[in-house]
Amino acid sequence: MSTSHAIRHIRITPIAFRDPPLLNAAGIHEPWALRSIIEIETASGLVGINESYGDQPMLEALAKVAPALVGLSPWALNEMEARVAALVTPPKLTASEFLGQQVSLAPGTHVSKTVAKVVSAFEVAMLDLQGQMAQAPIVDLLGGAARDRVPYSAYLFYKYAQHIEKPYAPDAWGEALTPPQLVAQARRMIDQYGFQSIKLKAGTLDPEQEAAGILALAEAFPGLPLRIDPNGNWTVATSLKIVQQLQGVLEYYEDPAPGLDGMAAVARECDVPLATNMVVTDFAEFRRNADMGCPVKIVLSDHHYWGGLRATQRLSTLCRTFDLGLSMHSNSHLGVSLVAMTHLCASVPLLTYACDTHYPWQDEEVIEGGRLQFEQGSLRVPTTPGLGVTLDREALARLHDNYLRCGIRNRDDLGQMRKYDPEFTGKQPRF
């Protein structure tokens, strides 16, 4: 390796951007979503970028690893992974400690995912550098494109009109708590982005009301694939009751009941395929699902906590081996993360369903050229070197200033919800 290509500096910039008051099983989104922007600079001046989690534990882990990567070649991904594992592997937990730290709604927050998250954060930036050096898009480094565009789904939320503390002007989407309001939200999102399928984040209101919302969507958008995701906030009995009401309507049923055992109990009585981003979130959990006869039929992966783009490709191979479907999970993110996801999705021949994205809910951006443009619900795969996007330095400074001023350092949907309802416990399953 030429010394001019060695890593000489790594910058990690925490950012925050406006996030609407979206309801979920854990509570409600806080006014500001946290992310981090990773920049890896070589001695020759090339800069590879990525976007990842921005909570305090993640920032500390990234800062701990960054100095150990200086001098490494951008091509040395295996060595990078070894150094990450040596520095941030958490101490082995007892069974009770492990369960006590589980946050099933957001698997990326669990301490067991630290190594995978940090590997992914640096891997994408290193792949961006590799692509620039090879004058090839990241999808080509991953084996080439199986498709030239990646489909995404309209991601609907029940929501309030504005945050309780009114930190900024209300978002343009307005309130959505009833079936007619939900249909209006879907219509606006589909008109603007052209999405060809719809997912509803559920587990927040009365299950009967949420079922009525899905039925209203089925009537308003006949033939459009529909999914519902209660985030494990329904009992097995409730899950089976609601799926009966939605017979012939759902494309798949995402995480209705908590835990793999709960999902298996639903699967035994349900002919709608079950999907998850909560109970199959790493390779050990994949094996347990396989050992149980695969009650979960669709894995909603996420390269941020599966260990990066290459690890998710390995997951795709396993899904094909076990005849499972594959799609992608999303969290509040900006364009760098979404472009990385698009390269990944283009590189896996097995992509069974349109992917999730929160992107329509974000009105700020950190990349040059502004917001990414969807075409009939899909994003074209970049053909320029690396990720194919660069940072807008003014925007980065502005979003970093948001971070410094917002006062949020760890996402807390439960604490935020208690500002609305002091009695809210967040205990699952709630219904």
Side-chain angles (χ1 to χ4, degrees), residues 24-25 98-99 102-110 112-113 116 153 155 197 199-203 207 214 225-244 246-247 249-307 311-331 344-345 348 350-356 428-429:
N24 59 46
F98 182 84
L99 292 172
Q102 282 187 331
V103 185
S104 58
L105 176 60
T109 65
H110 193 263
S112 67
K113 301 291 190 289
S153 178
Y155 199 165
S197 58
K199 169 176 170 173
L200 172 62
K201 177 67 74 179
I214 285 286
L226 301 176
R227 311 114 176 230
I228 189 169
D229 174 19
N231 269 136
N233 212 15
W234 294 349
T235 63
V236 171
T238 298
S239 301
L240 293 172
K241 177 182 177 182
I242 297 300
V243 80
Q244 284 295 316
L246 301 179
Q247 275 195 328
V249 172
L250 295 179
E251 180 183 32
Y252 62 66
Y253 202 16
E254 181 179 344
D255 287 311
L260 188 52
D261 291 334
M263 292 282 280
V266 173
R268 285 192 289 270
E269 306 293 332
C270 172
D271 58 3
V272 179
L274 300 187
T276 188
N277 75 287
M278 296 174 65
V279 299
V280 180
T281 64
D282 58 31
F283 291 104
E285 291 176 348
F286 186 101
R287 177 175 179 171
R288 182 165 183 249
N289 182 56
D291 288 345
M292 294 175 66
C294 295
V296 169
K297 299 298 183 186
I298 303 157
V299 178
L300 306 179
S301 62
D302 186 325
H303 72 271
H304 296 91
Y305 62 75
W306 272 91
T312 310
Q313 284 190 309
R314 294 193 289 272
L315 169 65
S316 172
T317 300
L318 282 175
C319 286
R320 188 169 55 211
T321 301
F322 285 86
D323 198 24
L324 301 182
L326 178 72
S327 190
M328 304 281 173
H329 159 262
S330 162
N331 211 318
L344 170 61
C345 292
V348 292
L350 177 70
L351 185 68
T352 327
Y353 303 92
C355 304
D356 297 348
Q428 294 184 314

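Just the heavy atoms: all of them, side chains too, but no hydrogens, waters or symmetry mates, feed the values below.
Within the structure, the salt bridge (charged side-chain N to carboxylate O under 4.0 Å, His left out) test picks out no pair touching residues 268-281 (sequence neighbours left out). For residues 254-275, the set of pairs meeting the ring pair (Phe, Tyr, Trp, His ring centres under 6.0 Å) definition, not counting sequence neighbours, is empty.
Contact annotation: the side chain of Tyr253 never approaches that of Leu246 to less than 4.5 Å [non-hydrogen atoms, C-beta and beyond]. Val348 has its side chain out of reach of Thr312: every pair of non-hydrogen atoms, C-beta onward, lies at least 4.5 Å apart. Residues Leu315 and Cys319 form a side-chain contact, since some pair of their non-hydrogen atoms from C-beta on lies under 4.5 Å apart. The shortest distance between side-chain heavy atoms of Leu324 and Phe286 falls below 4.5 Å. The closest side-chain heavy-atom distance from Lys199 to Glu254 is below 4.5 Å. Taking the side chain as every heavy atom from C-beta outward, Leu226 and Leu200 never approach each other to under 4.5 Å. With a 4.5 Å cut-off on side-chain heavy atoms, Met263 and Asn289 do not count as touching.
When atom types are taken as modelled, the side chain of Gln428 and the backbone of Asn231 share a donor-acceptor pair closer than 3.5 angstrom. Ser153 places a side-chain N or O within donor-acceptor distance of the main-chain N or O of Ser197, the cut-off being under 3.5 Å.
Closest of all the heavy-atom pairs between Ala275 and Tyr252 is CB-CD1, 3.5 Å. Minimum heavy-atom separation, Ala290 to Phe322: CB-CE2, 3.6 Å. Of all non-hydrogen atoms in Asp261 and Met292, the two that sit nearest each other are OD1-CE, 3.6 Å. Between Gly325 and Thr352, the shortest heavy-atom distance links the atoms CA-OG1, 3.3 Å. Considering every non-hydrogen atom in both Glu251 and Tyr353, the closest pair reads OE2-CD2, 3.1 Å. Between Gly203 and Asn233, the shortest heavy-atom contact is O-ND2, 2.7 Å.
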Considering only distance and modelled atom types, tabulate donor-acceptor pairs under 3.5 Å from the side chains of residues 295-303, sequence neighbours left out.
unit_1, atom_1, unit_2, atom_2, d
Lys297, NZ, Cys294, O, 3.0
Ser301, OG, Ser327, O, 3.2
Asp302, OD1, His304, N, 2.9
Asp302, OD1, His304, ND1, 2.8
Asp302, OD2, His329, ND1, 2.7

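The distance from the CG atom of Leu260 to the CG atom of Asp255 is 10.0 Å, given to the nearest 0.5 Å. Summarising the geometry, atom CG belonging to Leu350 is positioned 4.5 Å from atom OG belonging to Ser316; distances are rounded to the nearest 0.5 Å.
Ion pairing between a basic and an acidic side chain is recognised when a charged N comes within 4.0 Å of a carboxylate O; Arg288 and Asp282 show no such pairing.
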Step by step, work out the side chain to side chain contact (heavy atoms under 4.5 Å, CB included) result for Asn277 and Met328.
CA-CA 8 Å; Asn277 75 287; Met328 304 281 173; over 6 Å; no

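Around atom CG of Asp323, no more than 12 heavy atoms belonging to other residues, nucleotides or ligands sit under 6.0 Å away.
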